[in-house]
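Down below is the structure, laid out as structure tokens.
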Amino acid sequence: MSERIERPRGTHDVVPAEMARWRHVTDEIERLCALYGYRRILTPAFEDTALFARTSGGGSDVVQKEMYTFTDRSDRSLTLRPEGTAPICRAYVEHGMHRDPQPQKLYTIAPMYRYGAPGRGRYREHWQASVEAIGSGDPSLDAELIQLYDTLLGRLGVCSYHLELNSIGCRDCRPSYLERLRAWLADNDARLDAHTREKAATSPLRVFDNFLAKPEPVREALTEAPTIGGSLCDACVEHFRAVRADLDATGVAYRLVPTLVRGLDYYSRTTFEFVGPMENENSTITGGGRYDYLVEELGGPPTPGIGFGAGIERLLLAMAEDGVEEPPSPGIDVFFALEPGALRSAVVGWLAALRATGVSCDMDYAGRSLKGQLTQAGRLGAAATVVVAGDTATIRRPGGDDTTLPHEAVVSTLSP
RNA sequence: GUGGCGGUAGCUCAGCUGGUAGAGCCCCGGGUUGUGGUCCCGGUGGUCGCGGGUUCGAGUCCCGUCCGCCACCCCA
């Protein structure tokens, strides 16, 4: 035997046995997106490295240590997409969608790539639904998008989760907040630990990350730090109020988390995360927010936008965690089992004729005994099993009476 | 990337202080059975993650490496 080749670290296969669950999730996403007016878009798996380097932010973990970047044979720097928003915005600009009716509601379901340490619910290649509404700053759109995902969780049977919500301000108010925060961090430097100091130097907004893991004195100190919520400009306060009002109106529960900052730098105003029931730390099933400057940064006109990335694998884990039953996989219509001595040539013709009329059917290709063939019919969930003898065939249906027919009548009897 | 735990049949796992590999499920066959379910009998299937070392002898001990999981970190 040759040396065995295994799948690369951090990747996974979706085998047929899992496909019913997988399809259940993606079908529901597609159904909801259609219901909310989102249209599907497909973008390349790799992009110009600059697309992510410029938009995600140089200080972000994604850019700093998680990008799959490579040069092709012409020395172009390319990167396997780590997230879905920037590519969709790039396509929005590139195809002049800003000239189409606004907002453009777009979504994709596609694999994303991040070179991080793998674990449960954490993959180097993972699938995400990326749902984006570009071209409107209406706060109702923020709420609608959040409500869409909330509805998805409900439809999929996930109930152990909560929604964390925050506003991180805009161009007008965030800089002054940052200034105040920086000043506070400098004044209180002695009360911080090394980790927090490091964050304070690179991305001050993130000093609140992982709050619960910090030493008690540091936590105590940070509770005194100014939060963005107290520093929003009037427009941002009003926007956030309107978002919450819509969420209240649609019955979406949320927790205000004034320290919630997202991992990508392009966000502004509304940010949110849905946190699921998983035991380990990878329990964020969806994260998203508003990105009112992203399109502009990509060379388009000033254009607001909002979206989220929903991890498919984590959704599946959350469903498993909540004990959601597997949807029954559909069986085939007809299975042909041959008595010893029956001619296969006739059955081959019947299969083709029935399939042509839309009847799904199959027979044994493993040399099984009749009993084995009947077992196989059961495994395939056949609605009808046809036991083929020399000149006749007997149609069996679970719970029904057997019908024995001459060969000539088989196809017409089984056709719809 | 750092630290901790783990890796035995397709799956879930057993294998005591080193003596040369087992169970259940699955799969295949036979029998039973008023039909494809149940039950009974039998069978196929293992580079013990990989490589090296210690030893008369390694699944078992040591080193390296790969993979998984957990924590840190961050997120989907």
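So you know, we letter chains A, B, ... as the sequences are listed, proteins then strands, and number each from 1. Predicted model, so just to flag it, every value in this text is computed and none were measured.
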Span that lies between the P atom of U8(B) and that of G15(B), in whole angstrom: 13 Å
Can you name the side chain to side chain donor-acceptor pair (under 3.5 Å) partners of Ser160(A), sequence neighbours left out? Asp322(A)
Are any protein N/O atoms closer than 3.5 Å to N/O atoms in nucleotides 48-52 of chain B? If there are, list each pair with its distance.
none

Touch check for Thr286(A), heavy atoms < 4.0 angstrom, all strands: base, sugar-phosphate only, or nothing? sugar-phosphate
Taking only side-chain nitrogens and oxygens of Arg120(A), does any of them come within less than 4.0 Å of OP1 or OP2 of G68(B)? no
Those residues at least two apart in sequence (or on a different chain) that pass side chain to side chain donor-acceptor pair (under 3.5 Å) with Thr69(A) are Thr79(A)
Taking only distance into account, with no hydrogens and no angle test, what donor-acceptor pairs under 3.5 Å do side-chain atoms of residues 334-343 of chain A form with protein atoms, sequence neighbours excluded?
none

Classify the ring geometry of Tyr123(A) against His12(A): parallel below 30°, tilted from 30° to 60°, perpendicular beyond 60°. tilted
For U17(B) and C70(B), measure between their P atoms and round to the nearest Å. 28 Å
Starting at CZ of Phe308(A) and ending at P of A76(B), how long is that distance when rounded to a whole Å? 12 Å
Using side chain to side chain donor-acceptor pair (under 3.5 Å) as the criterion, list what pairs up with Glu220(A), not counting sequence neighbours. none
Kindly state each residue pair satisfying ring-ring contact (aromatic ring centres under 6.0 Å, His included) with at least one member in residues 365-386 of chain A, sequence neighbours excluded. none
Is Ile134(A) close to Cys89(A) at the side-chain level, that is, under 4.5 Å between some pair of heavy atoms? yes
Counting side-chain heavy atoms from CB outward, which of C28(B), U35(B), A76(B) is closest to Asp402(A)? U35(B)
How close or far is atom C1' of U2(B) from atom NE2 of His195(A), stated in whole angstroms? 11 Å
Between Tyr113(A) and A76(B), does any side-chain N or O lie under 4.0 Å from OP1 or OP2? no
Runs of at least three Watson-Crick or G-U pairs with RNA chain B, cut-off 3.5 Å: B:1-7 with B:66-72, B:10-13 with B:22-25, B:27-31 with B:39-43, B:49-53 with B:61-65
Pairs involving residues 145-169 of chain A, ordered by first then second residue, that meet salt bridge (charged side-chain N to carboxylate O under 4.0 Å, His left out) (sequence neighbours left out): Glu28(A)-Arg155(A)
Would you mind reading off the distance between Glu66(A) atom CD and G1(B) atom C1', rounded to a whole angstrom? 11 Å
CG of Asp13(A) versus C1' of C67(B): gap in Å, rounded? 14 Å
Sticking with atom P, work out how far G53(B) lies from C11(B), rounded to a whole angstrom. 30 Å
Check every strand shown and say whether Gly116(A) touches a base, only sugar-phosphate, or nothing at a heavy-atom separation below 4.0 Å. nothing
Of all the heavy-atom pairs spanning Ala310(A) and Tyr149(A), show the shortest one and how long it is. CB-CE1, 3.5 Å
Under 4.0 Å, heavy atoms only, any strand: does Arg9(A) hit a base, just the sugar-phosphate, or nothing? sugar-phosphate
I'd like a table of donor-acceptor pairs (distance under 3.5 Å, sequence neighbours excluded) in which one partner is a side-chain atom from residues 349-362 of chain A, with atom names and distances.
from: Arg355(A); atom 1: NE; to: Cys361(A); atom 2: O; distance (Å): 3.3
from: Arg355(A); atom 1: NH2; to: Cys361(A); atom 2: O; distance (Å): 2.9
from: Thr357(A); atom 1: OG1; to: Leu354(A); atom 2: O; distance (Å): 2.7
from: Ser360(A); atom 1: OG; to: Asp333(A); atom 2: N; distance (Å): 3.0
from: Ser360(A); atom 1: OG; to: Asp333(A); atom 2: OD2; distance (Å): 3.1

So, is Arg262(A) close to the A76(B) phosphate, meaning a side-chain N or O under 4.0 Å from OP1 or OP2? yes
Per Lys65(A) side chain, nearest of listed nucleotides G68(B), A76(B), C73(B): C73(B)
Less than 4.0 angstrom from a charged side-chain N to a carboxylate O is my criterion; do Glu326(A) and Arg21(A) meet it? yes
Same-atom distance (P) from C25(B) to C16(B), integer angstrom: 24 Å
Note: contacts of residues 377-390 of chain A with RNA chain B (heavy atom, under 4.0 Å) are Ala377(A), Gly378(A), Arg379(A), Ala382(A), Thr385(A)
With no hydrogens and no angle check, do the side chains of Arg90(A) and Thr43(A) hold a donor and an acceptor under 3.5 Å apart? no
So Tyr123(A), base contact, sugar-phosphate only, or nothing? Heavy-atom distance under 4.0 Å. base
Looking only at side-chain N and O atoms, does Arg7(A) come under 4.0 Å of OP1 or OP2 in C67(B)? no
Can you identify which nucleotide, out of G1(B), G29(B), A76(B), has its nearest atom closest to the Arg368(A) side chain? G29(B)
I'd like the P distance from U47(B) over to G22(B), given in whole Å. 15 Å
Check ion pair Glu297(A)-Arg54(A) (N to O, under 4.0 angstrom): no
Nearest-Å distance once atom P is located in both U20(B) and U12(B): 27 Å
Quiz question: by atom type and distance under 3.5 Å, do the side chains of Thr151(A) and Gln147(A) form a donor-acceptor pair? yes
Taking side chain to side chain donor-acceptor pair (under 3.5 Å) as the test, write out the residues that go with Asp193(A), two or more places apart. Thr196(A)
Whole-Å distance, Phe272(A) CZ to A76(B) P, equals 11 Å
Just checking, is any N or O donor in the side chain of Glu83(A) or Ser130(A) under 3.5 Å from an acceptor N or O on the other one? no
Could you tell me how far apart Tyr267(A) (OH) and A76(B) (P) are, to the nearest whole angstrom? 6 Å
Same-atom distance (P) from G52(B) to A58(B), integer angstrom: 13 Å
Tabulate protein N/O versus nucleotide N/O from nucleotides 30-32 of chain B, keeping only pairs under 3.5 Å, one per line.
from: G30(B); atom 1: OP2; to: Ser369(A); atom 2: OG; distance (Å): 3.1
from: G31(B); atom 1: O6; to: Lys371(A); atom 2: NZ; distance (Å): 2.7
from: U32(B); atom 1: O4; to: Lys371(A); atom 2: NZ; distance (Å): 3.1

Counting the atoms with a prime plus P, OP1 and OP2 as sugar-phosphate, which does Gly288(A) contact under 4.0 Å by heavy atoms, base, sugar-phosphate, or nothing? nothing
Integer angstrom distance from the P of G43(B) to that of G57(B): 34 Å
Rounded off to whole Å, could you give me the CG-to-P distance for the Asp333(A) and G36(B) pair? 20 Å
Polar contact flag, side-chain donor to acceptor under 3.5 angstrom, Asp248(A)-Tyr254(A): yes
Earlier contact from the 5' end, RNA chain B, for Asp401(A) and Ala366(A): Ala366(A)
Here the distance between atom P of C67(B) and atom NE2 of His12(A), to the nearest Å, is 17 Å
Give a yes/no on whether any side-chain N or O of Arg396(A) is located under 4.0 angstrom from OP1 or OP2 of G36(B). yes
Would you mind telling me which residue lines up with the more 5' stretch of RNA chain B, Tyr115(A) or Gln373(A), judged by nearest nucleotide? Tyr115(A)
